[in-house]
Each structure stands twice: as C-alpha cells, then as structure tokens.
4 protein chains.
Amino acid sequence: MTVRAAVAGASGYAGGEVLRLLLAHPEVEIGALTGNANAGQDLGALQPHLSPLAGRVLEETTAEVLAGHDVVFLALPHGQSAAIARQFDPGVLVVDMGADFRLDSAADWEAFYGTPHAGTWPYGLPELPGARAALAGTRRVAVPGCYPTAVSLALFPAYVGRLAEADAVVVAASGTSGAGRAAKAHLLGSEVMGSMSPYGVGGGHRHTPEMSQNLSAAAGEKVTVSFTPTLAPMPRGILATCSVRAKAGVTQETVRAAYEKAYADEPFVHLLPEGQWPATAAVYGSNTVQVQVAYDENAQRITTVSAIDNLTKGTAGGAVQSMNIALGLPEETGLPLTGVAP
Amino acid sequence: MTVRAAVAGASGYAGGEVLRLLLAHPEVEIGALTGNANAGQDLGALQPHLSPLAGRVLEETTAEVLAGHDVVFLALPHGQSAAIARQFDPGVLVVDMGADFRLDSAADWEAFYGTPHAGTWPYGLPELPGARAALAGTRRVAVPGCYPTAVSLALFPAYVGRLAEADAVVVAASGTSGAGRAAKAHLLGSEVMGSMSPYGVGGGHRHTPEMSQNLSAAAGEKVTVSFTPTLAPMPRGILATCSVRAKAGVTQETVRAAYEKAYADEPFVHLLPEGQWPATAAVYGSNTVQVQVAYDENAQRITTVSAIDNLTKGTAGGAVQSMNIALGLPEETGLPLTGVAP
Amino acid sequence: MTVRAAVAGASGYAGGEVLRLLLAHPEVEIGALTGNANAGQDLGALQPHLSPLAGRVLEETTAEVLAGHDVVFLALPHGQSAAIARQFDPGVLVVDMGADFRLDSAADWEAFYGTPHAGTWPYGLPELPGARAALAGTRRVAVPGCYPTAVSLALFPAYVGRLAEADAVVVAASGTSGAGRAAKAHLLGSEVMGSMSPYGVGGGHRHTPEMSQNLSAAAGEKVTVSFTPTLAPMPRGILATCSVRAKAGVTQETVRAAYEKAYADEPFVHLLPEGQWPATAAVYGSNTVQVQVAYDENAQRITTVSAIDNLTKGTAGGAVQSMNIALGLPEETGLPLTGVAP
Amino acid sequence: MTVRAAVAGASGYAGGEVLRLLLAHPEVEIGALTGNANAGQDLGALQPHLSPLAGRVLEETTAEVLAGHDVVFLALPHGQSAAIARQFDPGVLVVDMGADFRLDSAADWEAFYGTPHAGTWPYGLPELPGARAALAGTRRVAVPGCYPTAVSLALFPAYVGRLAEADAVVVAASGTSGAGRAAKAHLLGSEVMGSMSPYGVGGGHRHTPEMSQNLSAAAGEKVTVSFTPTLAPMPRGILATCSVRAKAGVTQETVRAAYEKAYADEPFVHLLPEGQWPATAAVYGSNTVQVQVAYDENAQRITTVSAIDNLTKGTAGGAVQSMNIALGLPEETGLPLTGVAP
C-alpha cells in the first residue's frame with residue numbers, strides 16, 4: 001500500500017513533526033505541502049532538520065492544492081480546519097491536529113473558543129476505551145490536544161477502575177513548542193530559559209473541557225479538572241502530574257492493578273516498574289508514553305504521572321497512529337518507540 | 001555594627017549563596033570558611049563566581065575553627081548540624097540551613113529522617129504568623145526547607161482566612177541546585193537538560209511534614225499535603241503550584257482579599273496584580289517571592305502559585321533575613337529585591 | 001552626591017539591566033523612564049524582576065521627558081541615539097549603549113551601518129590604554145559593543161606587548177539576550193534551546209570594525225579580525241575564544257607576564273590562575289571579566305579566552321562604570337563583583 | 001541478511017546511542033549487551049528511552065559474552081578496547097568507538113594518551129578521500145572522535161583544493177554528552193546550564209593530533225591545528241567553527257566550488273545553500289552533517305562551520321555507517337537523515 005499524504009501548515013511545529021514521521025513511514029509518500037504566510041518559501045530554510053525535503057517549496061493552503069491525496073493532515077491555527085475541511089472529498093482521510101472537532105459539547109466549545117461549534121469527529125486517542133472501534137475505517141479524525149493526551153492517559157484507568165473521586169487536580173509542565181512557532185516576546189529563548197511559569201490558571205485553559213470530557217466518559221460521572229499548565233525551559237515534552245482523592249478501600253495494589261490491566265497490551269504506553277518515574281527526556285521524539293502511579297496513604301490520594309513528547313504522541317505521532325488505524329495499517333507502523341536521549 | 005560571620009560548608013551551593021549575600025551585606029565581615037572534603041582548597045577554584053574571595057583557603061569544619069564569630073551559618077548535610085551545634089557558645093547566633101531543627105514533631109522527624117530528633121529551633125520564615133517574634137533576639141535559627149518556603153507562602157493566607165479544605169495538593173518544580181553539588185549521574189547536565197521528571201512521589205519527600213506543620217498551624221487543624229516535587233531543567237528556582245478545595249461561599253474577591261491582607265506589608269513578598277503570574281526567572285538571585293491566586297469557579301478550587309529562588313529566599317536569603325531579625329538589624333539589609341533577568 | 005538618572009528604552013534588555021544596577025547604586029536616584037511601543041505601560045509587567053519599580057509607567061522617549069537629569073542612559077535601537085543626543089544640554093552626561101558613536105572611522109561606519117557617521121564619543125572601556133583619561137569628566141560616553149568588550153579585553157595585552165601577529169581569529173558564543181527583546185521566530189526558546197549556530201559569518205558582523213579599531217590601537221598597526229559570532233542556548237553571557245599567531249620568541253611565560261601586567265590593578269578583570277578557565281556562569285549578573293591565556297607551542301599560537309555577562313560588563317555595567325568615572329565617583333560604586341551561580 | 005550485533009558498554013551514552021540506531025536498523029538483531037559497573041542491572045532503568053529493551057539485563061564485558069556475533073560495538077573507556085579486541089575472532093566485525101586505534105603515529109599516541117600504541121585500524125569516516133575503499137570488507141573499524149568528525153568534514157575540502165594555509169584555527173562547542181556519563185561535579189546540570197566554558201586549551205585536547213592527521217592527509221603537508229573545545233549548555237551537538245588563511249587568488253566562488261565538488265554525492269553531508277548556516281538543533285539525533293563556508297575578503301580568511309550530533313554522526317551513527325560499508329549493506333541503511341527539531 002502506498003499512501004499519498006498532504007500536509008497543510010507544513011512550516012509550523014506540528015506540521016514539521018508530522019513530516020518527520022511521514023518521512024520514516026514505509027507506506028507513505030509525501031505529496032503537497034502548504035503554508036500561508038510562508039507559501040513560496042523553501043522548506044529547507046523553514047525546517048532545516050528535514051534535509052530530505054530541502055528544495056520543496058510551500059504552496060498556498062487551498063482545497064485544490066490539497067486534493068488528490070489519500071490523507072490530508074491539517075496543522076492549522078484553531079478555527080481554520082473547520083472551514084477547509086468541508087471542502088474535502090468524503091473519501092479522503094482528513095486528520096485534524098487542531099481543536100475544531102474535539103469537543104462533544106457545543107456549550108463547552110462556545111464557552112472556551114467563542115465561535116460556533118463545528119461538530120465532532122472520531123477522537124484520535126486510541127488507548128481510550130472504545131476509541132479504536134471509532135477510528136477503524138473513519139475518514140475524519142480529531143487529534144487530541146497535547147495536554148489532554150498526557151492527562152487522559154495518566155488518569156483514565158483510575159476512573160475506569162472507580163478508584164478516584166471526580167475532582168481531579170492536574171499540574172502539567174510543557175516544553176515551549178506547545179506554544180507554537182509564531183514569534184511572541186514572552187516565548188523568546190531569553191525569557192524561557194531558566195524559568196518556570198504558569199499560564200491560563202484558574203480553569204481558563206482551552207484543554208480543560210477536553211480533559212473533563214475524556215475523564216467523565218471513563219468515570220461514568222462528571223469529573224471536574226483543576227488544570228494548571230506551566231511553561232518549562234525545554235523545547236519539547238509534557239510532564240503531567242495528577243492528584244485525585246482515593247475512594248475508600250483503595251490501596252497501592254489496587255491502583256497498580258488497574259493500571260497494569262489498562263496498559264498490558266498497549267504498544268505505546270509504558271507503565272514503568274514501581275519506583276521508576278517518567279521523564280520527558282526519555283520520550284523525546286518518540287510516540288511512547290511513560291506512566292507511573294502511587295498511592296499516598298497519608299494524604300489518601302493517588303498521584304499519577306505521565307510523560308509524552310507533546311509534538312509526537314501529543315500531536316503528530318497521535319495523528320499518524322490514528323491514520324494507521326483508520327487505513328487498516330498495523331498501528332505501530334512508522335512510529336518511533338525509542339526516545340532520543342540524553 | 002560589624003557582624004563577623006563564619007560559614008561551614010562553604011564549598012556547596014547553599015554555602016556559596018550565603019557568601020554571595022554576605023559579601024553584599026554592609027554590616028557583615030566574613031570570617032572562617034570551612035569545608036570537609038574540600039578543606040585545604042582555594043575558594044576561587046570551588047566558587048569562581050565569588051571573585052572577591054579568590055585566594056581564601058577552606059579550613060576543616062570544627063567547632064574550634066568556627067569559634068569567635070558573631071554568627072555561624074551551617075550549610076552542612078542533614079544530620080551534621082545537630083552534632084556540631086551543641087558545641088557552640090549559647091551567645092553565638094547559629095543559623096542552620098539544614099533540616100535538623102525544623103520539625104516540632106519527633107515522630108515526624110523519625111519517620112522521615114530515621115534518626116533521633118535533635119530538637120526544634122525558632123523557624124526562619126518571618127512571614128508566617130508569629131515568626132518574627134520568635135526570631136527577634138534568638139541565637140538559634142532553623143532555616144526552612146526550600147519547598148516549604150515556597151509552599152507555605154503560597155498557601156498560608158488561604159488557611160489563615162479559613163477559605164480552604166485541609167487537603168492540599170502541591171506540585172512544585174525545582175531547579176537542579178536544590179539537589180546539591182554532590183556528583184550524581186542523574187543530575188548530570190546531559191540528563192536534566194530537556195527533561196522534567198518527578199521524584200519522591202506519593203508522600204515520601206522529607207519536606208512534606210514541614211509543609212503540613214506550617215499549614216496546620218495556619219489552619220488551626222491538621223492539613224494533609226499531597227506533594228509531588230519535580231526536577232526542572234534550570235539551575236535555580238522553585239515554582240510551587242497549589243490547589244485546595246474552596247470552602248462554601250468563597251469567591252475570587254474573598255481569596256484576593258485574604259492574600260492582600262497577608263502581604264500588604266511584607267517587604268519580600270510580591271503579590272502580583274491580578275492576571276500576572278509568577279515566573280522563577282523574575283526572582284533569579286533575589287530574595288523576593290512572587291505570589292498569585294485564582295479561584296476556579298468550575299472546579300470550586302483555589303489555585304495559588306509562588307515563585308522563589310531556591311538558593312536565595314529558599315535557603316541563604318531566608319537565612320540572612322532571619323539573621324537580620326535576630327540581631328536587630330533592619331530586615332531587608334543586604335538582601336536583593338531584584339532578580340537577574342532575562 | 002545624588003545623581004538623578006533617566007533611562008530611555010527601559011523596556012528592553014539593556015534598559016532593564018541598567019535599571020537593575022542603578023537600583024543598587026548608592027548615589028543614584030531613578031528619574032524618567034521611557035519606552036516607545038511600550039509607553040503608557042507598567043514597568044512591573046514589562047520587567048517583572050525589577051519589583052521595586054512595579055507601578056512605574058513608561059513615558060514617551062522625547063528630549064523633554066528626559067530633560068532635567070544628571071545622567072541619561074540611552075538604550076535605543078541603532079541610529080536613534082544620534083538623533084536625540086543632539087537635543088540634550090551639553091552639561092548632561094549622556095551614556096549611549098547603542099552603536100552610534102563608537103567608531104572613529106566614518107568609512108567603517110558607513111560600510112557596516114549604511115548611514116552617515118554621527119561622530120565619535122569617548123569610548124567606555126576603561127581598561128583600554130588611555131581610556132580612563134578620556135572618560136574623566138566627559139559628558140558623552142559611547143558604551144562599547146558586547147563582543148568588542150569581551151574580545152578587546154581578551155586580546156589587547158597581547159598586542160600591547162607586541163606578542164602577536166596582526167591577524168586575529170575570534171569565535172565568540174553569546175547568550176540570546178544579546179539579540180534583544182524584539183519577537184523574532186529564530187530567537188524563540190523552541191529554536192535556541194539545544195542549539196548552537198553561527199551568524200554574520202565571513203566578516204559581516206557590525207562589531208568587527210570596532211574590535212579591529214581597539215586592537216589596532218593597542219598594536220600600533222592595523223589588526224584584521226576574522227570574527228564568527230555564535231548563538232548559545234543560554235540567556236546571558238559571552239565566551240570569546242581568540243587565537244593569534246605568536247611572534248618569534250614568545251613563550252608561555254612572556255604571554256602570562258603581559259597579561260599579569262595589564263590586569264594587576266584592574267578591579268573588574270580577573271586574570272584566572274593558570275589552569276583555570278573562564279566560564280560565563282561565573283560572571284552571571286556581574287561586572288567581572290574572567291580572562292585566561294595559553295601559549296600553544298605546537299601550533300605556535302596564543303589562545304586567549306574571556307567571559308563576560310553581555311548585559312552587565314558588556315552593556316549596562318560598562319555604562320555605569322563609565323558613568324562613575326565621568327562623574328568622579330569611585331569606579332566600582334554600585335557594581336557587582338560576584339556572579340549569581342550556580 | 002540478518003546481522004547479529006553485540007554492544008559492550010551499553011550503559012553509557014555511546015552505547016545507548018548505538019542501540020537506539022540498531023533498534024531501527026532493518027538488518028540487525030541485537031544480541032549481547034554488556035556493562036561493567038552496571039552488569040546485572042536492567043537496561044530499562046539505565047536507558048529508559050530504549051523502551052523496547054526494558055527488561056534486558058547487562059552482562060559482564062568479556063570476550064566470551066561478546067563471542068558469537070557478526071558485529072561487536074565497543075563503547076568502552078579509552079584503553080580498554082585494545083585489550084579486549086585481541087581476543088575476538090578475526091572474522092568478526094569489531095567497531096571501536098574508543099580512541100585506541102585511530103592514530104597512525106605512535107609518537108602522537110604516546111604523547112597524548114601516555115600508553116603504548118596499540119596499532120591503527122581502518123578509519124571510519126567514509127567521507128574522507130580513500131576511506132570507503134579501506135572500510136569495504138574490513139573486520140576492524142576505528143570510529144573517529146566526535147570533534148575530528150566535525151572538523152575534518154568542515155575543512156578537508158579546503159585542503160584538498162589547496163585553498164588554505166596549513167595553520168588551522170578551530171573553536172568547537174560541544175554538548176555535554178560528549179563528556180560521558182560518569183558523575184563529575186563540573187558536569188552537573190547546575191554547573192553547565194547557562195554556561196559556556198573552554199577546556200583543554202592550548203593544544204592539550206587528545207583529539208588534536210587526530211584532526212591534524214586527517215587534514216595533513218588532505219593537504220599533502222603537515223597541518224597544525226589550534227584547537228579549543230568548549231562545553232555548551234545542551235545535551236548533544238557539536239558546532240565546529242574553523243578559520244584558515246586563504247592562499248592567494250582564493251575567492252568566494254573557488255571556495256564554494258571546492259565544497260560543492262566534495263559533497264555533491266555524499267548522502268549524509270548537507271552543504272547548505274549560501275547564506276544559511278548550520279545549527280546543531282537541525283541535526284539532533286540524525287546522522288546528517290550540515291556544512292557551510294564563507295570567504296572573508298577583509299581578513300583574507302576562509303571560515304567553515306559544521307554541525308553534527310556528537311552521539312550520532314560523531315560516534316554511533318558513524319559506527320553504523322562504517323558497519324554498513326564493511327558488511328556490504330547500502331551505506332544509509334537504518335540511519336536517520338532527519339533531526340528531531342525543534
């Protein structure tokens with residue numbers, strides 16, 4: 001099988017990462033590459049790490065340019081995917097790495113994004129209960145947000161196992177690539193190196209309802225999430241630390257067992273041996289998720305931690321994993337299991 | 001007034017930082033400097049940033065060498081302070097930057113440190129209720145741990161104001177200097193750059209009972225703390241993110257008012273304007289604490305965040321601040337209010 | 001003496017650093033603060049590390065606003081200093097941290113900056129031969145560029161001592177703050193962390209003729225400089241590595257002696273003991289310069305290395321040092337000799 | 001073809017990197033893995049980024065354990081390779097990532113390493129003139145040092161083209177992984193983040209004679225190298241900046257032409273378009289070398305710059321590339337051309 005893939009938004013970080021993965025994918029041939037502000041420029045200058053694509057010139061992001069492919073990856077700013085998505089042939093697999101089709105609740109969408117709800121597509125987090133069935137054969141995929149990927153995988157087994165109260169506290173540290181490639185003064189290297197700082201505190205981050213949606217589905221009840229994202233001085237990676245109050249009778253053993261059961265057969269989730277903790281460096285550039293859990297007897301709380309690469313498993317790797325499922329390819333095809341470390 | 005100060009453990013990070021501050025203190029003259037493994041070596045090679053002390057040779061850490069000073073700062077590994085402290089003249093001000101005398105509860109001490117409890121000294125976090133009175137004129141000071149400094153200042157006003165449930169969740173990111181200067185493979189630059197990782201998860205970190213002690217005193221009831229420390233890729237700084245369930249009737253206004261009241265007259269605590277969030281880079285090398293709070297109406301939780309420099313306000317700056325109070329000097333003497341940024 | 005100082009360009013990195021130093025200067029009172037794009041904004045939001053100035057609002061950069069001070073520091077983009085400088089009273093000390101008045105040669109200025117030469121002011125690198133005499137009592141100071149500061153101090157003793165051929169090779173690594181605070185995509189944290197890269201290669205960097213000017217004056221002959229600046233993944237600091245072919249008869253001893261002679265009495269230059277090498281971390285936030293030299297017998301070349309903080313000694317510290325000389329204050333007043341490390 | 005490969009020294013950085021590459025190599029099956037101090041430990045704890053190898057236990061480094069493989073990679077401390085190498089069957093391909101067999105000159109070896117010369121093996125830098133012929137079919141490979149890889153590729157075309165004087169000046173910045181994984185205080189994250197510093201200045205670095213050997217062979221005359229390595233605050237990467245005096249008649253065009261000729265058909269060398277400069281981030285985790293050159297008319301010097309990943313092309317990637325040639329596999333097999341960026 002040769003899959004012909006186009007990438008819209010090839011000059012940004014998500015676009016660059018999906019190209020890095022597709023270049024290593026044995027079944028994919030790279031087709032049209034588009035940008036907007038950067039249309040007409042050489043990808044070799046914009047993404048110098050993708051040396052095999054040096055000399056390829058970006059085109060305008062239009063439905064015409066993107067037509068005639070088996071798969072189209074959309075790496076566009078929020079709100080642009082919905083507009084262009086309507087123009088694609090229903091038989092083309094469209095994988096949206098933006099937010100437009102992630103939320104079930106139109107009310108949540110409107111409250112957090114301020115625009116009309118565009119609809120909901122099958123959700124590209126295959127590890128969630130029921131997700132693979134929805135992805136198999138689909139021609140539309142909503143790739144999860146990077147934080148919801150890390151947090152959902154850190155917490156859903158505790159909720160599936162009915163081990164935790166429905167009041168989750170999440171503090172997550174993200175590398176700066178999560179904030180995108182647009183030039184902003186507060187994201188300058190001079191500002192971020194040596195600094196940890198939170199943002200979107202108090203419930204305002206747009207990924208909050210997405211986490212709540214996933215965890216509520218797992219729990220069978222509404223789960224609120226107190227979510228604080230922080231910006232960490234590193235280019236990539238998310239470390240999500242989650243704390244939930246344990247239900248009565250929970251022990252270290254029941255918690256461990258719930259996670260072992262959830263992740264026994266997952267190719268990309270590495271539940272670490274007890275006593276070893278996730279580190280973002282270990283999953284740098286890889287589609288692997290490291291997960292660990294502990295029960296704090298004194299506080300009667302469960303702490304779970306996950307580490308992902310926000311651009312790989314958190315965005316482009318999740319997108320390719322979902323593409324594989326949608327197209328009937330082996331799920332692991334072309335996806336790195338090893339990180340680049342140290 | 002000229003205060004003659006000795007520093008035991010001058011080759012480590014805490015010792016180096018207290019010397020940096022003492023060099024800038026108008027009332028202090030630096031006396032004996034000691035190390036153990038490094039006795040006999042030139043401080044200019046060990047602490048090349050302290051150029052005015054280049055040529056000074058470290059002596060052995062003994063009570064004799066440290067005698068004859070007005071103040072002795074102890075920057076020794078846990079457990080060594082208690083032994084040497086007994087040998088000092090009661091009139092000498094001894095400021096212990098180690099853990100030995102921080103905990104009131106012998107049971108907590110023994111559970112977390114595994115050795116007999118050495119006692120309790122006045123606690124060097126002047127911003128806590130009642131702390132200044134205990135420090136005035138004292139000749140023994142237990143400098144708080146770096147994490148308890150950040151967390152206590154982030155949370156105590158919420159407990160004093162009876163705004164929060166007694167079940168605190170804390171996730172804190174620390175720069176690597178908090179782990180000390182001993183050569184360990186997991187602290188190599190190659191390992192920590194580009195990586196966020198937790199440690200001591202599930203309630204095991206030794207600073208946990210110290211936080212609980214401070215917050216329980218503020219709350220008037222036992223406060224449990226689910227504490228997860230994380231190692232961040234930066235040399236200095238702690239960002240503490242705290243989440244507590246709000247009591248009924250709490251609003252953004254009542255939370256804000258409690259913090260404004262607590263910090264109206266504190267020279268080193270900067271409660272930021274609403275909407276501005278702490279960043280460790282802003283307090284790099286300074287004794288200032290940045291604090292911010294927000295009420296999350298959806299989750300019914302209060303999120304508070306503080307940023308400190310773990311070596312300055314979190315260790316050596318707190319030590320000098322307490323020295324100033326103990327000796328009757330103006331509390332701000334010699335302590336930087338501005339960070340080195342960017 | 002109370003010196004009333006204004007700062008034009010207070011929202012940038014050089015402006016922020018001069019304010020950090022002036023806040024600690026015992027003879028200075030801070031007056032007008034101006035910005036352009038940021039006029040009307042609170043300095044507490046723009047420079048959150050300068051907490052004592054939180055609440056101060058930036059004014060427009062005009063001669064009227066800046067009038068009535070003893071000293072005006074100009075931290076403006078290249079080309080703007082000359083225009084406003086003409087409007088100041090001749091009795092006011094104007095310290096220009098931009099490039100406009102650094103070069104003696106109008107031809108060099110025009111070749112590298114492309115605008116008419118505005119003139120030459122006394123050059124604010126006091127350690128150069130004859131510089132202090134020119135600065136004493138002056139009311140106009142051209143603060144050197146950050147790279148020329150590091151390179152001139154690394155090399156001029158070799159040229160004064162007639163030890164080196166007039167063909168200098170310089171490779172310097174700079175922290176990202178040297179590139180300023182304007183938002184540019186290639187300076188994003190995501191781009192610079194983990195990366196070393198050169199720029200302005202092949203002789204094009206504007207600091208090249210300034211280095212050549214200083215070294216030629218020391219050598220008594222025209223010295224060419226092959227200069228390659230590189231961007232390093234750190235916020236601050238310059239490490240300049242210089243290689244010059246040794247003249248016949250040079251030995252390690254003659255090289256060492258020349259540097260010892262040059263720097264015996266310099267308060268801010270720390271010629272390190274043999275075998276110890278400069279590190280930018282050791283001078284972080286300080287006005288100290290670390291210098292070291294070695295003679296490579298095999299290659300018959302002299303290698304000299306200097307480390308400075310580009311914002312302190314390389315810009316704002318050099319500016320305050322020159323101000324002190326111009327006003328007749330002790331040269332070290334208010335300037336940190338110790339770095340913030342680790 | 002299935003190649004069975006053993007790795008001696010699998011717990012260090014070079015060993016981990018060769019395993020990362022071998023896991024992605026379609027013709028290789030991983031056999032014995034050995035360590036010394038770490039024998040008996042789980043690779044999953046030692047190299048957590050290599051999740052497919054979690055559970056594999058390290059054995060002792062002995063000839064017996066390493067016997068029975070088609071290829072043995074030696075990632076051992078200097079001096080240990082020679083001893084064990086004598087015990088391998090001559091038909092086994094032994095790829096030594098240490099220094100023992102790199103230098104032709106016994107005198108240079110003894111001067112820089114202080115032990116008897118063990119001999120010389122075919123040199124694993126295929127891009128050098130004549131190197132591929134020597135590697136084809138060989139059963140012994142000496143992998144070059146990381147700095148000599150970067151510097152030789154940056155400079156040899158200038159020497160082959162007789163464009164440069166035989167007096168090379170090289171300043172190279174390396175990520176900290178080049179210094180290995182042994183715990184040393186000066187390599188702690190606290191020390192290296194935010195810092196640039198040189199080491200081995202004045203001709204003492206052991207890679208100096210290796211560079212001189214390679215460049216002299218290209219030039220047909222003895223080339224001296226003034227080499228200054230610097231430690232940069234990043235885990236990986238080498239940026240080598242080289243300056244050589246141009247011979248008479250050299251122009252930008254002749255320099256460019258020499259490099260275009262040298263690298264026209266090299267799969268792993270990316271001579272960048274004029275005006276684009278190498279960056280280590282662009283080759284992170286990849287076997288690609290970025291090269292650029294410029295002629296500085298004013299200084300009459302040629303500046304060449306190369307960027308590599310010190311662990312990939314600089315060590316383990318070069319090793320696998322040489323293995324491919326030695327075994328008759330296509331040279332690019334299993335080697336990444338794309339970096340992980342940002």
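Note on naming: letters A, B, ... go to the chains in the order of the sequence lines (proteins, then strands), and numbering restarts at 1 for each one. Values below: every heavy atom of this structure, side chains too, minus hydrogens, waters and symmetry copies.
If you measure heavy-atom distances from A:V225 to chain B, the contacts under 4.5 Å come from the backbone alone. Residue contact with chain A, scored on non-hydrogen atoms closer than 4.5 Å, involves the side chain of B:T224 exclusively. Looking at B:A307, there are no atoms closer than 4.5 Å to chain A (heavy atoms on both sides), in backbone or side chain. With a 4.5 angstrom heavy-atom cutoff, A:T228 touches chain B only via side-chain atoms.
Chain A is approached within less than 4.5 Å, heavy atom to heavy atom, by B:W277, B:P278, B:A279, B:T280, B:A281, B:Y284, B:A294, B:Y295 from residues 275-295 of chain B, ordered by number. Close approach to chain B, defined as a heavy atom under 4.5 Å from one of its heavy atoms, is seen in no residue of residues 204-218 of chain A.
Per-residue counts of heavy-atom pairs under 4.5 Å with chain B were compared for A:S197, A:S195, A:P235; the largest is that of A:S195. Most heavy-atom pairs under 4.5 Å with chain A: of the set B:P198, B:P342, B:S190, this distinction falls to B:P198. Across A:P233, A:A173, A:G203, the residue that shares the most heavy-atom pairs under 4.5 angstrom with chain B is A:P233. Each of B:I238, B:N298, B:V169, B:T303 has some count of heavy-atom pairs under 4.5 Å with chain A, and the biggest count is that of B:V169. In terms of non-hydrogen atom pairs under 4.5 Å with chain B, the most contact-rich of A:T241, A:V201, A:I302, A:T230 is A:V201. When each of B:L231, B:V305, B:L188, B:V171 is checked for heavy-atom pairs under 4.5 Å with chain A, B:V171 comes out on top. Interface check for chain A: of the options B:A299, B:G202, B:A168, the most heavy-atom pairs under 4.5 Å are formed by B:G202. Note on A:A341, A:S243, A:G237: by heavy-atom pairs under 4.5 Å with chain B, the leading option is A:S243.
Rounding to the nearest 0.5 Å places OG of A:S226 at 11.5 Å from CD of B:Q300.
Heavy atoms from other residues, nucleotides or ligands lying under 6.0 Å from CD of B:E221 number more than 12.
Residues B:M196 and A:M234 have side chains in contact (heavy-atom distance under 4.5 Å, counting atoms from C-beta outward).
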